[in-house]
Each structure stands twice: as structure tokens, then as C-alpha cells.
2 protein chains.
Amino acid sequence: MSTITWQSVQAEALRRIRSREWPPGGQIPHEADLAEELGCARATVNRALRDLAEAGLLERRRKAGTRVPLNPVRKATLDIPIIRQDIEARGLAYGYKLLSRNEAPAPPEILSQLSLKKSSQMIHILALHLADNHPFCLENRWVNPVAVPEITKTDLSTISANEWLVQNAAFSAGDFAFGALAAPAHIAKALDCATGAALFTVERTTWAGSLPITSVRLCYAPGYRMLAAI
Amino acid sequence: MSTITWQSVQAEALRRIRSREWPPGGQIPHEADLAEELGCARATVNRALRDLAEAGLLERRRKAGTRVPLNPVRKATLDIPIIRQDIEARGLAYGYKLLSRNEAPAPPEILSQLSLKKSSQMIHILALHLADNHPFCLENRWVNPVAVPEITKTDLSTISANEWLVQNAAFSAGDFAFGALAAPAHIAKALDCATGAALFTVERTTWAGSLPITSVRLCYAPGYRMLAAI
DNA sequence: GAGGTTATTATGTACGTACATAATAACCCT
DNA sequence: AGGGTTATTATGTACGTACATAATAACCTC
């Protein structure tokens with residue numbers, strides 16, 4: 001290690017974790033001691049260890065020090081692109097079809113997801129996203145017009161609610177649930193696949209502060225895979 | 001804003017992004033200017049903006065400055081607990097059953113996932129994880145004994161490979177793919193569900209440096225949902 | 001106008017001092 | 001031994017100076 005940088009400190013820490021030199025369940029040297037050993041500032045060690053802690057590889061506690069967890073809960077980062085970008089990143093041509101748009105009171109399970117007690121009129125949107133003219137995913141979305149009033153006046157026949165919301169309603173928090181669904185007939189029809197086919201689903205609710213913006217269920221055509229990396 | 005901290009700077013930046021004061025596609029003030037405006041050190045602004053950049057809300061470029069992306073690719077964090085912890089966190093009793101364990105050459109698609117050209121003997125493990133004595137997920141795993149020689153001598157009838165590997169083979173990189181599968185008969189039998197039921201699947205390959213450790217496919221019983229948050 | 005070189009700029013980082021904060025250890029009393 | 005209080009400790013952060021680095025703007029030449 002010629003020049004000490006936070007990256008090199010981090011790499012050395014990783015090496016020691018991996019080699020069990022810092023065994024799972026055990027304490028690692030204090031930041032000040034590590035700084036002395038490696039010949040750098042304590043702030044540099046602090047900076048290096050932060051990412052490892054965020055990734056679940058270390059647990060840091062004031063005064064108690066830092067330890068390698070016995071059972072690490074690793075953290076992976078998931079990219080959430082807008083659907084058009086997901087399709088185009090696969091080298092496929094994006095297409096979009098608004099299937100329906102209504103104002104209606106949201107059903108109870110959507111209210112629950114939005115943490116709303118009482119239903120007022122919401123915007124209900126059903127849309128199909130296409131990749132090279134093949135169905136890619138079906139978007140079933142409820143939007144709270146209180147959070148995004150402009151949507152009531154927006155023409156969603158040419159831009160998807162998914163994309164429009166990203167550009168017009170920056171959310172501060174989001175909940176996701178990923179799962180699998182055996183395609184019921186109406187969804188199979190929209191996605192042009194067999195009834196009962198296994199579909200990857202994403203359910204997402206987003207908020208601006210405590211104000212719910214939207215709740216959406218995306219059903220992807222059979223074969224879709226969502227990638228992530230650590 | 002009484003006392004300026006990196007957290008308060010971050011909150012103010014988020015507010016400006018959300019309110020469109022810093023419009024999508026546009027430049028935000030330079031760190032030095034923001035520091036002057038908010039009455040803190042430039043390093044404090046830098047610290048505050050880093051997380052926002054990592055979350056996809058800002059794009060930072062040396063000299064060009066920092067901009068709010070027109071189409072942000074938001075980043076979500078996924079917790080990857082060991083399976084036993086996932087089950088226990090749901091308040092359910094964990095159970096485990098080793099279904100089979102062999103040494104065999106890996107099939108081509110596993111070799112491909114492991115970026116291996118040539119197959120040598122690998123450890124093939126089939127195991128069932130139970131929640132309150134109901135099948136929770138089926139683990140189909142290939143382990144490279146070159147990366148983890150001790151596994152050849154490890155009794156996997158009482159500890160799952162999933163858990164044992166987390167404790168004994170710290171990985172440096174992992175690839176994940178999430179999808180959905182219509183349960184073929186042999187998997188439906190193991191998971192005690194209907195043939196053709198929609199199963200949530202996780203395929204994961206991990207490496208220590210460039211050395212592949214393991215490739216696993218987890219098929220979760222119908223109804224499983226994986227949660228994440230932004 | 002195109003291409004190459006240099007100067008300038010805004011983010012990225014290292015350092016050391018100082019202080020803040022959470023939390024554990026030490027100490028004291030009953 | 002148990003409980004409460006205080007001192008100590010290790011991480012968390014702020015600041016300002018200094019330097020590094022990537023990249024854009026300015027400038028010059030053909």
C-alpha cells in the first residue's frame with residue numbers, strides 16, 4: 001500500500017474480513033488504532049468503514065467499537081429505471097398503450113397500501129408497455145390527485161404515468177414488494193400469454209413526505225428477470 | 001435551519017429537488033456557493049450531496065458541477081438476510097431438510113453463470129427450508145470446492161449451505177436475478193404446492209475476487225413477497 | 001472550422017483539530 | 001447483588017486548509 005486512500009483502507013478491511021483475520025462475531029481494531037497502523041488519519045478510516053457498514057459487512061457502535069457481524073444481512077442495490085429506459089437498455093423498441101383511465105374511489109387494498117382511511121376520487125390507470133411490439137408489462141396504477149393535481153389535466157395517451165410521475169412528482173419514500181402471480185385471464189389477455197403463466201410482479205407505493213402519491217402493480221410478461229448486483 | 005448539519009443540508013437539497021426549485025435537467029448551485037448560502041463548510045455540502053447522488057437523485061461531475069437528472073434511475077436497497085433469519089423475522093419457526101448432496105460436474109448453464117469454461121467436480125446440494133413446518137423455499141445450489149474446500153468435509157444435514165457459506169465464504173461480489181417460474185412437478189412436490197403455481201425465484205452467483213464460490217436458485221413457495229424500500 | 005494545448009474550475013479527498021453523541025465502564029451507595 | 005450517577009471512550013461530525021483529479025473553457029495555430 002503505497003499511498004493511503006480511503007479506498008485502499010477499505011480494500012484492506014475487506015481483505016481482513018474475507019480472510020477471517022477479523023473473525024465473524026469479533027471486534028475489529030478501533031478507528032484510531034487502525035489509522036495509526038495504516039499510517040493515515042482517523043477520518044480516512046472512518047470514511048473507509050462507512051460503506052462497509054452500509055453494505056452490512058460491519059456493525060459500528062459508538063464506544064463499543066466496530067464488529068464483524070456473525071450473520072451479516074448483506075445489502076444489494078437495485079436500480080429502478082423508468083420502464084421505457086428498462087426496455088431501451090435491453091436494445092428493444094419502446095411502445096406504450098393507454099388501456100383505460102378513470103376516476104374512481106380506490107378499493108380497500110389500495111387504500112391500505114396508501115395508508116389512507118377514507119377514499120376520495122383517485123385516478124385509475126391501466127396501461128401496457130411494449131418491447132419491440134410485444135407486451136412487456138402491464139401497469140395498473142392508482143394516483144392520488146391531492147398529491148399531484150396536474151395529472152388530472154395531463155394527456156396520458158402518449159406518455160406513461162410511470163414516466164410522467166418520475167418527472168413531475170419526486171417522491172421521498174417508496175415501498176416495494178416483489179412477487180410472482182399466476183396470470184388470471186384478463187391479465188393473460190393483455191400480456192398475450194397463457195392463462196396461469198407465472199408473472200413477475202412489482203408492487204410499489206410512493207410518498208412525498210406523509211402524502212401518498214401513487215400505488216402501482218406491474219405485471220411483467222413471462223420470462224422477465226430483474227437484475228441486481230452487490 | 002438553526003444548526004447546519006449534513007443532514008439538514010441534505011433535507012434542504014431534497015426539498016429543492018422535490019419542489020422543482022432545482023428543475024430536472026438543470027444545474028444546481030456549486031458546492032462552494034451552497035456552502036456560502038447555507039452558512040457551512042463546503043465539505044459539509046459535499047457530504048450531504050453524496051448520498052443523494054448515490055440514490056440517483058443527483059448527478060455529480062467534476063468541473064461540470066451537479067445536476068438534477070431528467071430521468072433519474074432511483075436506487076433501492078435490498079436486504080439479503082440468510083434464509084433462517086428471513087423466516088424467523090416473519091415470526092415463524094425455522095426448519096431445514098437436506099434433500100440431496102452429490103459431487104457432480106456442473107451443467108452448462110451453471111458453468112455459464114459461474115463464468116467457468118471447464119467443469120470439474122462440484123458440490124450439488126438440494127435443500128428445503130421450512131417455516132412453521134411448511135415449505136418456504138427450495139434451495140438448489142452448486143458450490144465450487146476450489147473456492148471453499150472445507151465444504152467437502154462439512155455436515156450439511158443440520159446447517160444449510162446458505163448459512164454455512166455466509167459464515168465461511170465471505171464473497172466480494174454477487175449477481176442476482178429475480179423472476180417467476182411456473183412450478184414444474186418435481187418442484188411443486190418439494191414445495192407441496194400445485195404444479196404450475198407461480199413461484200418467486202432468486203438466482204444468485206457469488207465470487208471471491210474472480211473465483212466463483214457458488215450459484216444457487218431459490219424457489220419460494222407461492223405467496224412469497226420480497227420487500228424493499230427507498 | 002478543426003485540432004491541440006494550456007488554464008481554469010468544481011468535485012473528490014486527506015489531514016488534523018475540535019467538538020458532539022451514544023453508550024459502556026467505573027464508581028458509589030444501599 | 002442491584003441500582004443510580006459520573007467518567008470515559010469510540011464513533012460521528014464540522015471546519016478549514018491543502019492538494020488531487022477529471023473535465024470544461026479558453027486560447028492558439030493551421
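Every chain is numbered from 1, with letters handed out A, B, ... down the list of sequences. Everything numeric in this text was worked out from a predicted model, so none of it was measured.
- B/E139 and B/R217 are not joined by a salt bridge, as no carboxylate oxygen comes within less than 4.0 angstrom of a charged side-chain nitrogen.
- In this model, a donor atom of one side chain and an acceptor atom of the other lie less than 3.5 Å apart for A/T214 and A/R141.
- Proximity of a side-chain donor or acceptor of A/D132 to a complementary backbone N or O of A/A93 within less than 3.5 Å is detected.
- Crowding of B/E36 atom CD: a count of heavy atoms from other residues, nucleotides or ligands under 6.0 Å not exceeding 12.
- The neighbour count for B/R61 CZ, taken as heavy atoms of other residues, nucleotides or ligands under 6.0 Å away, does not exceed 12.
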Name the pairs: protein N/O against N/O of nucleotides 14-16 of chain D, kept only if under 3.5 Å.
{"from": "D/dA14", "atom 1": "OP1", "to": "B/W6", "atom 2": "N", "distance (Å)": "2.7"}
{"from": "D/dC15", "atom 1": "OP2", "to": "B/A41", "atom 2": "N", "distance (Å)": "3.1"}
{"from": "D/dC15", "atom 1": "OP2", "to": "B/T44", "atom 2": "OG1", "distance (Å)": "2.7"}

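- Checked for salt-bridge contact, B/E12 and B/R16 meet the test: a charged N lies under 4.0 Å from a carboxylate O.
- We find that A/K75 and B/D79 are joined by a salt bridge, their nearest charged nitrogen and carboxylate oxygen being less than 4.0 Å apart.
- Between A/P135 and A/A221, the shortest heavy-atom distance links the atoms O-CB, 3.4 Å.
- For DNA chain C, the residues of residues 62-71 of chain A within the heavy-atom distance limit of 4.0 Å (strictly under) are A/R62, A/K63, A/A64, sorted by number.
- For the 3.5 Å distance criterion, the side chains of A/Y94 and A/D86 fail to qualify, holding no donor opposite an acceptor.
- Terminal axes of the helix from C/dG1-D/dC30 to C/dT30-D/dA1 (five pairs each, C1' rotation axis) are separated by 10°, to the nearest 10°.
- Within the structure, a side-chain polar atom (N or O) of B/N46 is placed less than 4.0 Å from OP1 or OP2 of C/dG12.
- Relative orientation of the B/Y220 and B/F136 rings is perpendicular, given thresholds of 30° and 60° on the angle between their planes.
- For B/R50 and C/dG12, the shortest distance from a side-chain N or O to OP1 or OP2 is not below 4.0 Å.
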